[in-house]
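Quick caveat, the model's predicted, so the values are computed rather than measured.
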Amino acid sequence: MTHGMKRGSMVLVTWRDAGSGNSWQIEKQFTKDILRRTKVKSLGRLVRITNEYLIMASAITKDGLLQRPGFIPMSLVVAI
């Protein structure tokens, strides 16, 4: 594992999700609105982190089962 964080550590990840508009819009206003709406924060246990992706879960059992795992590409991560 890279980045100095251990499996099972509690992490708060701020990341950008994909977004879209639903009507005709001016690009400047769309960009301003979408940047505000697509910032996401996820809290959970670190499963794996590489230079390409991060996997986290709500919980990890002693035998390695993951509760509600999620995958976030590192290119979308703003902060950990």
Within the 4.5 Å heavy-atom criterion, are I72 and V13 side-chain neighbours or not?
yes

Does the side chain of L54 come within less than 4.5 Å of I80's, by heavy atoms?
yes

Quick one, V47 with L66, criterion side chain to side chain contact (heavy atoms under 4.5 Å, CB included). Give me CA distance, side-chain angles, the key distance, then yes/no.
CA-CA 8 Å; V47 176; L66 306 177; 3.7 Å; yes

Run M56 and I49 through side chain to side chain contact (heavy atoms under 4.5 Å, CB included) and show every step you take.
CA-CA 9 Å; M56 58 191 302; I49 185 169; over 6 Å; no

T61: which residues meet the side chain to side chain contact (heavy atoms under 4.5 Å, CB included) condition with it, sequence neighbours left out?
D63, L65

Only pairs at least two apart or in different chains count here, so list each side chain to side chain donor-acceptor pair (under 3.5 Å) that has a residue in residues 29-45.
W15-S42, Q29-D33, D33-R36

Is it possible for you to say whether V78 and I34 belong to one hydrophobic cluster, with membership spreading through side-chain heavy-atom contacts below 4.5 Å?
no

For Y53, side chain to side chain contact (heavy atoms under 4.5 Å, CB included) partners two or more places apart:
R48, T50, I55, F71

So Q67 and I60, do their side chains get closer than 4.5 Å, heavy atoms only?
no

Would you please test V77 and R16 for side chain to side chain contact (heavy atoms under 4.5 Å, CB included) and show each step?
CA-CA 7 Å; V77 173; R16 294 271 182 206; over 6 Å; no

Restricting to pairs with a member in residues 17-36, which pass ring pair (Phe, Tyr, Trp, His ring centres under 6.0 Å), not counting sequence neighbours?
none

Hydrophobic side-chain clustering at under 4.5 Å (ILVMFWY, transitive links): who's grouped with M10? Put none if nobody.
L12, L43

